[in-house]
Amino acid sequence: EGKEVFINRENITFIGEGVINCDYGFRIKASNFYAHGMRMKSSKNMQNSRAFMSDMQAKEGEEQKYISNLNFKECNFEGFFYSVCCIGGAYEYEGTESDHIYPISDVVIENCISRARTGSNAGHFQCIQIKNISYINNRTYGGQNASSYNAIKGNGNIRVIGNYEEGNSFASCEIENGSGKAVVANNTFSHKIWIDDSYDVVVNANIAENGISVTVGSDNGDCKNIIVSNNVTKNIRCEQFGTYIGGLIQNVNISGNTVKGDNTHGIWIHGNAVVNAKVSNNFITGTNTNDISIQRNAQLICYISGNFGSGKILLIAGTGGKVFAVDNFNMVSSGNRDSLPASHLEREFNGL
């Protein structure tokens with residue numbers, strides 16, 4: 001206790017049976033690190049309490065160093081601010097900093113359990129500017145003001161698969177700030193899945209009790225090529241977030257979801273953020289005011305089809321852009337929709 005313990009040599013393996021009590025934890029500075037079956041407990045409630053952290057940002061005047069292959073399997077963490085935290089770049093974009101340099105690559109966190117201190121700020125697993133991230137079959141409990149499964153700023157090739165989260169009051173999973181090529185699938189989450197300013201993301205077959213958000217606004221590039229499919233969730237929202245600086249949501253496909261509701265909007269598309277959107281074959285249940293809500297804007301092109309509502313409103317508000325709606329069931333239409341071209345049906349009618 002009282003200081004960080006640095007791992008500066010390659011090919012180090014930790015295999016544990018007892019419990020390690022520590023405050024700062026271990027700091028990894030070399031490739032091919034493997035922790036298997038470790039049981040670790042934080043002795044102090046502080047932000048620097050991180051069981052394993054690897055920070056490979058080059059300081060001014062230093063040559064950039066690269067490490068890879070950090071593995072954490074079947075470990076049990078209790079009371080840390082982050083259980084595993086890997087940092088390859090600054091949290092925020094600064095000047096002309098590149099987010100395509102990956103000082104750390106190939107991070108695997110699998111079959112681990114992480115419990116946060118009750119009432120204290122904490123996440124669980126975080127990566128910043130890392131290439132090849134796998135969060136697989138982990139379980140997390142508690143947390144606030146930081147999500148459980150983070151991939152923030154410039155990460156690439158991300159898999160968040162088969163995880164469980166309970167009791168995080170902030171969010172279950174975030175793919176944020178220019179991160180991309182991500183799959184978030186088959187997870188069971190008590191809170192929100194949040195895709196922000198990121199690209200090429202598939203969110204499929206999850207339970208996300210507190211909603212799925214696709215947002216843009218910090219001017220870290222457009223949020224684009226997003227698929228939200230076959231999830232069970234409270235609501236799905238596509239909109240600006242925070243103090244808007246720039247960026248658009250381009251090419252978002254929302255299909256096959258079951259939206260349980262108890263909010264104003266079951267599915268919400270705001271045209272001040274969204275360019276192209278397709279909303280199809282979703283089931284909207286619960287007690288929403290509107291089953292589906294579309295806010296028009298000059299840039300918006302939105303196609304809504306085959307959705308099954310709860311008898312509430314399909315609202316198309318405002319003016320501008322193009323909003324097409326066809327073959328939606330058990331919803332009361334409100335607002336103006338655009339006419340589809342005759343060629344849309346591509347059918348032949350004999351004797352008509």
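Because only heavy atoms are used, hydrogens play no part in the values below, and waters and symmetry mates are left out as well, while side chains stay in. Residue numbers run from 1 in the order of the sequence given.
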- Message: Determine whether a donor-acceptor pair (N or O, by modelled atom type, separation under 3.5 Å) exists between the side chain of N210 and the backbone of K234.
- Response: no

- Query: Under 4.5 Å between any side-chain heavy atoms of Y66 and I101, yes or no?
  - Reply: yes

- Task: Can you see which heavy atom on G89 is nearest to which on Q129, and at what distance?
- Result: CA-OE1, 3.6 Å

- Message: For A90, is there any backbone N or O sitting under 3.5 Å from a side-chain donor or acceptor partner on K153?
- Response: yes

- Query: Going by distance alone, is a donor N or O of one side chain under 3.5 Å from an acceptor N or O of the other, for R159 and S134?
  - Reply: yes

- To the nearest 0.5 Å, what is the distance between CD1 (I249) and NE2 (H270)? 10.5 Å

- Message: Once rounded to the nearest 0.5 Å, what's the spacing between atom CG of N297 and atom CG of N272?
- Response: 6.0 Å

- Find out whether F72 and M38 are in side-chain contact, i.e. whether some heavy atom of one side chain is under 4.5 Å from a heavy atom of the other. no

- Heavy-atom donor-acceptor pair, N206 side chain to N186 backbone, under 3.5 Å: yes

- Query: What closest approach, in Å, do G167 and S190 show between heavy atoms, and which atom pair accounts for it?
  - Reply: N-OG, 3.1 Å

- Atom pair CG/CD of N138 and E74 - distance to nearest 0.5 Å: 10.5 Å

- Message: Please verify the inter-ring angle class for F125 with F77; under 30° counts as parallel, over 60° as perpendicular, anything in between as tilted.
- Response: perpendicular

- Query: If you measure only the distance, is there a donor-acceptor pair under 3.5 Å linking the side chains of D196 and T215?
  - Reply: yes

- Message: Tell me whether I152 shares a hydrophobic cluster with F80, the cluster being built from Ile, Leu, Val, Met, Phe, Trp, Tyr side chains joined at under 4.5 Å.
- Response: no

- Query: Which heavy-atom pair separates G154 from S179 by the least distance, and what is that distance?
  - Reply: N-OG, 3.6 Å

- Residues joined to I113 in its hydrophobic cluster, side chain to side chain under 4.5 Å directly or through other members, sorted by chain and number, are Y141, Y164

- Task: Decide if atom CD of Q64 counts as having more than 12 heavy atoms of other residues, nucleotides or ligands within a radius under 6.0 Å.
- Result: yes

- Message: Does any part of the side chain of K181, heavy atoms only, come nearer than 4.5 Å to the side chain of Y199, both counted from C-beta?
- Response: yes

- With no hydrogens and no angle check, is any side-chain donor or acceptor of R337 less than 3.5 Å from a backbone partner on V323? no

- Query: Should F189 and N163 be marked as a side-chain contact (heavy atoms from CB on, under 4.5 Å) after you check the CA-CA gap, both sets of side-chain angles, and the distance that decides it?
  - Reply: CA-CA 8 Å; F189 290 153; N163 301 283; 4.2 Å; yes

- Message: Please check if the number of heavy atoms outside K312 that lie under 6.0 Å from its NZ is greater than 12.
- Response: yes

- Are R39 and E78 close enough that some pair of their side-chain heavy atoms sits under 4.5 Å apart? no

- Heavy-atom closest pair (N307 atom, S280 atom, distance to 0.1 Å) is OD1-C, 3.4 Å

- Task: Could you check if a side-chain atom of V274 sits within less than 4.5 angstrom of a side-chain atom of C302, using non-hydrogen atoms only?
- Result: no

- Item | Chi angles and distances behind the side chain to side chain donor-acceptor pair (under 3.5 Å) call for D327, S305 | CA-CA 5 Å; D327 291 338; S305 69; over 6 Å; no

- E17 CD to I15 CD1 distance, which is reported to the nearest 0.5 Å: 9.0 Å

- Note on the structure: For G271 and Q299 the tightest heavy-atom approach is O-NE2, 2.8 Å

- Less than 4.5 Å apart, any side-chain heavy atom of K278 and any of S255? no

- Member of N187, T258, N257, N204 meeting the side chain to side chain donor-acceptor pair (under 3.5 Å) criterion with N231: N257

- Message: Let's go through L300 and I294 carefully: what are the C-alpha distance in whole Å and the side-chain angles of both, what is the deciding distance for side-chain contact (heavy atoms from CB on, under 4.5 Å) to 0.1 Å, and is it a yes or a no?
- Response: CA-CA 10 Å; L300 175 66; I294 311 296; 3.7 Å; yes

- Side-chain touch H36/T13, heavy atoms, less than 4.5 angstrom: no

- Query: Under 4.5 Å between any side-chain heavy atoms of I193 and V228, yes or no?
  - Reply: no

- Are the side chain of S49 and the backbone of Y24 linked by a donor-acceptor contact shorter than 3.5 Å? no

- Item | Check against salt bridge (Lys or Arg N to Asp or Glu O under 4.0 Å), R139 and E166 | CA-CA 8 Å; R139 288 164 283 168; E166 179 182 312; over 6 Å; no

- Would you give the length of the straight line joining atom CZ of F170 to atom NZ of K192, rounded to the nearest 0.5 angstrom? 8.0 Å

- Query: Any idea which heavy atoms bring R27 and E4 closest together, and the distance?
  - Reply: NE-OE2, 3.0 Å

- Item | Sole residue of S68, C127, S54 in side-chain contact (heavy atoms from CB on, under 4.5 Å) with I104 | S54

- Query: Does a donor on one side chain and an acceptor on the other come within less than 3.5 Å for N71 and N69?
  - Reply: yes

- Item | Check: F26 ring centre within less than 6.0 Å of F14 ring centre | yes

- Message: Hydrophobic cluster membership, with links at side-chain heavy-atom distances under 4.5 Å among I/L/V/M/F/W/Y: are I284 and V279 in one?
- Response: yes

- Would a hydrophobic clustering, with Ile, Leu, Val, Met, Phe, Trp and Tyr connected at side-chain separations under 4.5 Å, put I175 with I133? yes

- Message: Between I254 and C238, does the side-chain contact (heavy atoms from CB on, under 4.5 Å) criterion hold? Intermediate values first, please.
- Response: CA-CA 10 Å; I254 300 169; C238 299; 3.8 Å; yes

- Message: Using only atom types and a distance under 3.5 Å, with no angle test, would you say the side chain of S148 pairs donor to acceptor with the backbone of H124?
- Response: no

- Query: Just how far is it from atom CG of N288 to atom CG of N235, taken to the nearest 0.5 Å?
  - Reply: 7.5 Å

- Query: Does Q47 reach the main-chain N or O of F81 with its side chain, forming a donor-acceptor pair under 3.5 Å?
  - Reply: no

- Item | Under 3.5 Å donor-acceptor, N251 side chain and N276 backbone | no

- Task: For M46 and D23, run side-chain contact (heavy atoms from CB on, under 4.5 Å): C-alpha distance rounded to whole Å, both residues' side-chain angles, the deciding distance at 0.1 Å, then the answer.
- Result: CA-CA 8 Å; M46 58 182 186; D23 44 18; 3.5 Å; yes

- Message: Does atom CG (N145) have a neighbourhood of more than 12 heavy atoms from anything else shown, all under 6.0 Å?
- Response: yes

- Message: I'd like to know if the side chain of S333 reaches the main chain of L314, judged simply by a donor and an acceptor atom lying under 3.5 Å from each other, with no hydrogens or angles considered.
- Response: no

- Message: When you group the ILVMFWY residues by side-chain heavy-atom contacts below 4.5 Å and let the links chain together, are I130 and I67 in the same group?
- Response: yes

- Query: Of all residues at least two apart in sequence or in a different chain, which pass the side-chain hydrogen bond (donor to acceptor under 3.5 Å, both in side chains) check with Q295?
  - Reply: none

- Task: Give a yes or no answer on whether the side chain of N111 reaches the backbone of K73 with a donor-acceptor pair at less than 3.5 Å.
- Result: no

- Under a single-linkage definition using a 4.5 Å side-chain heavy-atom cutoff for Ile, Leu, Val, Met, Phe, Trp and Tyr, are I161 and I212 assigned to the same hydrophobic cluster? no

- Modelled atom types, side-chain donor and acceptor of N32 and N11, under 3.5 Å: yes

- Message: Is it the case that the side chains of W268 and E239 hold a donor-acceptor pair, with the cut-off being a distance below 3.5 Å and no angle test?
- Response: yes

- Is the CZ atom of F283 crowded by more than 12 outside heavy atoms at less than 6.0 Å? no

